[in-house]
2 protein chains.
Amino acid sequence: MKFEAVTIKDIAKALGLSTSTVSRALRDSYEISPETKKLVLEYAAKINYHPNPIALSLKERRSHSIGVIVSEIANSFFSQSIDGIESIAYKNGYNVIISQSRESFEREVINLNYLTSRSIDGLLVSVAAETKDFSNFKELHDRGMPIVFFDRVVNEINTHKVIVDNYKGAYDATRYLIESGYTNIAAVANNEVLSITKDRIAGYKAALADHHVQERDAYIRYCAHGGLLSSEVEEVVADLVSLDPRPDAILALSDKLTTGCLRILKAKNLKIPHDIGLIGFSNSEITELIEPPLSIIKQPAFEMGEIATDLLLQLIESKRPVTDFETKMLEPQLIIRESAKRKRAGASAGSQ
Amino acid sequence: MKFEAVTIKDIAKALGLSTSTVSRALRDSYEISPETKKLVLEYAAKINYHPNPIALSLKERRSHSIGVIVSEIANSFFSQSIDGIESIAYKNGYNVIISQSRESFEREVINLNYLTSRSIDGLLVSVAAETKDFSNFKELHDRGMPIVFFDRVVNEINTHKVIVDNYKGAYDATRYLIESGYTNIAAVANNEVLSITKDRIAGYKAALADHHVQERDAYIRYCAHGGLLSSEVEEVVADLVSLDPRPDAILALSDKLTTGCLRILKAKNLKIPHDIGLIGFSNSEITELIEPPLSIIKQPAFEMGEIATDLLLQLIESKRPVTDFETKMLEPQLIIRESAKRKRAGASAGSQ
DNA sequence: AACTTTACCGGGAACGATTGCGTAAATAAA
DNA sequence: TTTATTTACGCAATCGTTCCCGGTAAAGTT
């Protein structure tokens with residue numbers, strides 16, 4: 001099957017002109033007489049001419065497409081981000097090529113190689129949970145590929161980044177739990193190496209410290225695959241609830257973990273928030289419909305995608321090499337619902 | 001910023017060969033001596049040579065990328081479909097360029113023009129809710145563009161299609177409601193012109209008829225924008241519950257509508273399933289966590305994306321024009337949970 | 001010794017578009 | 001009338017790659 005497009009040559013031949021004249025006429029060059037322009041433009045419109053973007057790309061040495069690497073598309077946060085990415089890219093005439101790491105370092109590297117071999121103009125990345133070796137990104141960046149990280153960033157690479165205030169998100173959520181009377185607060189986090197994990201855990205710890213609640217190592221658990229495997233969440237939660245003293249609340253530090261914990265807590269017949277409180281990062285649109293309505297920390301995913309793309313396009317279209325990079329930090333939104341309401345707000349902290 | 005790639009010319013120059021020889025060596029042509037091949041291959045690997053896909057595209061007159069038009073990415077069904085699309089496309093060396101219609105005919109046409117002007121090799125489409133004029137697709141298809149429709153197909157165009165058995169899905173759900181003792185079953189559907197709407201409504205009606213339950217026009221409602229506007233769902237549900245007799249169950253005929261109805265029913269303080277039963281099409285991963293756990297008809301979204309892409313690639317890579325098109329129909333999955341359990345199965349109809 | 005193969009390799013056109021340069025004709029200035 | 005300038009267009013190189021068409025030297029065949 002073929003889809004034959006009309007070229008500038010067809011126009012030239014039909015009108016008895018050279019291709020250069022046609023090209024110039026189409027670009028409204030001053031070198032072409034108004035009559036010729038009119039002729040060309042009208043004929044072009046008539047036969048529905050569109051310049052071949054591939055030929056243009058070859059000439060201009062840029063593809064007008066950007067690559068995106070996320071862990072999985074079918075995840076509320078990422079699909080919302082991609083929505084934002086697509087809208088800005090589209091507005092600026094760029095294609096978006098998406099690939100998924102599924103939290104695997106290996107797949108991430110493969111995707112990276114694939115995308116660069118497809119001659120993309122820039123890259124938008126939220127790194128995989130497994131990734132602790134950033135040399136591939138680093139090398140690519142050093143060789144001049146514009147990269148913008150969003151959500152899960154890599155601090156070792158000096159470029160634009162877009163994140164939410166993960167520290168604050170976790171801090172506020174933890175504080176809320178403490179102020180609601182929870183004292184044994186466990187944290188279930190994504191892979192330990194992730195920037196979001198570090199920042200969120202830091203916020204969690206700080207909130208505990210600031211409110212004189214003792215931090216316990218046993219209460220902090222990591223899921224190497226970010227909850228992509230339900231077994232790892234299951235294990236972690238099972239461990240947690242078998243502890244003595246058993247945690248009276250769980251702070252889940254990423255999307256998949258939040259729903260994962262809830263699922264397992266329910267399976268274990270623990271009543272939320274009575275037996276155990278739950279709050280977590282989530283971008284699902286229907287957390288309010290859950291039983292119990294879920295308290296969440298929500299990220300402005302769409303905006304993050306928009307901003308990251310804006311920054312990337314700036315990088316791509318900048319004439320001079322950019323050396324002044326910024327990290328945009330957005331506000332997370334703490335939404336309190338039933339799943340983390342236990343005692344009255346304002347109860348004195350630091351119990352036991 | 002620029003990202004300089006190494007070309008075949010660089011290799012030729014460095015090795016004192018012609019570009020044709022290098023090209024042939026890289027493609028393992030029999031015309032090249034083993035020694036030269038080895039030389040070229042090793043040097044190419046050393047300087048990390050990758051053929052420029054844009055130059056190849058220009059030469060071969062195909063871009064190795066496929067366009068996708070869906071109503072919105074941030075929708076469980078579509079993001080799961082895209083997941084499937086991406087996996088097959090990736091496996092075959094194709095890029096996926098995604099665009100969103102947001103249920104608008106106008107945006108769909110714009111996306112269509114944009115994608116074709118980006119010289120894609122084929123198109124995967126799930127039509128927008130508003131679209132009743134298919135002439136744009138038809139014309140494109142007639143001009144030789146391979147198109148595969150999935151989920152929301154257009155019957156007027158003879159090409160491959162991938163759907164679930166929407167009739168059966170709606171029929172089985174309706175039958176389940178009837179057998180559970182519901183008698184006044186309303187249907188809330190997407191835009192009337194959509195193929196999925198027609199098929200699902202037909203299944204709903206057939207189930208009513210087969211079980212001697214009277215069909216009422218007032219019980220069948222359409223949402224022109226597929227629930228993208230929460231106001232339209234609100235209106236429809238408000239109307240429905242004010243009817244006399246009030247429906248004792250709602251069958252929601254698409255993703256957004258299912259959660260939309262639930263949200264509004266809850267806001268109206270109606271107890272599900274006691275006051276009103278609810279079942280609907282949904283591909284959300286967390287419907288079991290909802291209060292009450294949602295009974296759903298689930299589509300094999302990932303597989304649909306995979307199959308549609310497979311079919312599209314067949315079309316693209318076929319030497320001869322394909323005239324024998326097929327419609328793959330997959331099985332929907334009926335998952336019964338609390339939201340549609342009222343009386344015991346097998347209870348006689350006619351309640352109150 | 002003369003001819004035919006075979007093995008290897010290079011030149012250059014082509015894909016579709018842009019663009020620097022050259023130039024004929026028309027017009028203006030001398 | 002001669003020269004300079006402007007107008008309006010064509011030629012050809014270029015982007016990176018493939019591939020048709022040759023070409024040459026060594027080997028094999030009479």
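No hydrogens, no waters, no symmetry mates; every other heavy atom, side chains included, goes into these values. Just so it is clear: chains get the letters A, B, ... in the order the sequence lines come, proteins before strands, and each one is counted from 1.
Scored by the salt bridge (Lys or Arg N to Asp or Glu O under 4.0 Å) test, A/Asp324 finds no partners at all (sequence neighbours excluded). Take A/Arg107 and apply the salt bridge (Lys or Arg N to Asp or Glu O under 4.0 Å) test, not counting sequence neighbours, and it matches no residue. Residues that satisfy the side-chain contact (heavy atoms from CB on, under 4.5 Å) test with B/Lys132, not counting sequence neighbours, are B/Val193. Applying the side-chain contact (heavy atoms from CB on, under 4.5 Å) criterion to B/Leu39, with sequence neighbours excluded, gives B/Leu15. By the salt bridge (Lys or Arg N to Asp or Glu O under 4.0 Å) test, B/Asp10 pairs with no residue at all, sequence neighbours left out. With sequence neighbours excluded, no residue forms a ring-ring contact (aromatic ring centres under 6.0 Å, His included) with A/Tyr43. A search for side chain to side chain donor-acceptor pair (under 3.5 Å) contacts involving A/Ser57 returns nothing, not counting sequence neighbours. With sequence neighbours left out, the salt bridge (Lys or Arg N to Asp or Glu O under 4.0 Å) criterion links B/Arg102 to A/Asp83. Considering only residues two or more places apart in sequence or on other chains, B/Thr323 meets the side chain to side chain donor-acceptor pair (under 3.5 Å) condition with none of them.
The shortest distance between the side-chain N/O atoms of B/Ser18 and the OP1/OP2 oxygens of C/dG10 is below 4.0 Å.
Atom C1' of nucleotide D/dT17 and atom NZ of B/Lys13 are separated by 15 Å, given to the nearest angstrom. Following rounding to the nearest Å, B/Leu56 (CG) and D/dG16 (P) show an atom-to-atom distance of 12 Å. Separating the CG atom of B/Leu15 from the C1' atom of C/dC9 is a distance of 14 Å, rounded to the nearest angstrom. Per the geometry, CD1 belonging to B/Ile8 stands 12 Å off P belonging to C/dG10, to the nearest Å.
Among the atoms of the strands shown, only primed sugar atoms or phosphate atoms (P, OP1, OP2) are found under 4.0 Å from some heavy atom of A/Leu17.
Interface residues of residues 23-41 of chain A facing DNA chain C, ordered by number: A/Ser23, A/Arg24, A/Arg27; criterion, heavy-atom separation under 4.0 Å.
Checked options B/Thr131, B/Asn113, B/Asn136; the residue passing with B/Glu108 is B/Thr131 (criterion: side-chain hydrogen bond (donor to acceptor under 3.5 Å, both in side chains)).
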Protein N or O to nucleotides 13-15 of chain C N or O, pairs below 3.5 Å:
from, atom 1, to, atom 2, distance (Å)
C/dC15, OP2, A/Lys9, NZ, 2.7

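Here the side chain of A/Asp151 pairs no donor or acceptor atom with the backbone of A/Ile163 at under 3.5 angstrom.
Axis angle, first five pairs versus last five pairs of the helix from C/dA1-D/dT30 to C/dA30-D/dT1: 70°, rounded to 10°.
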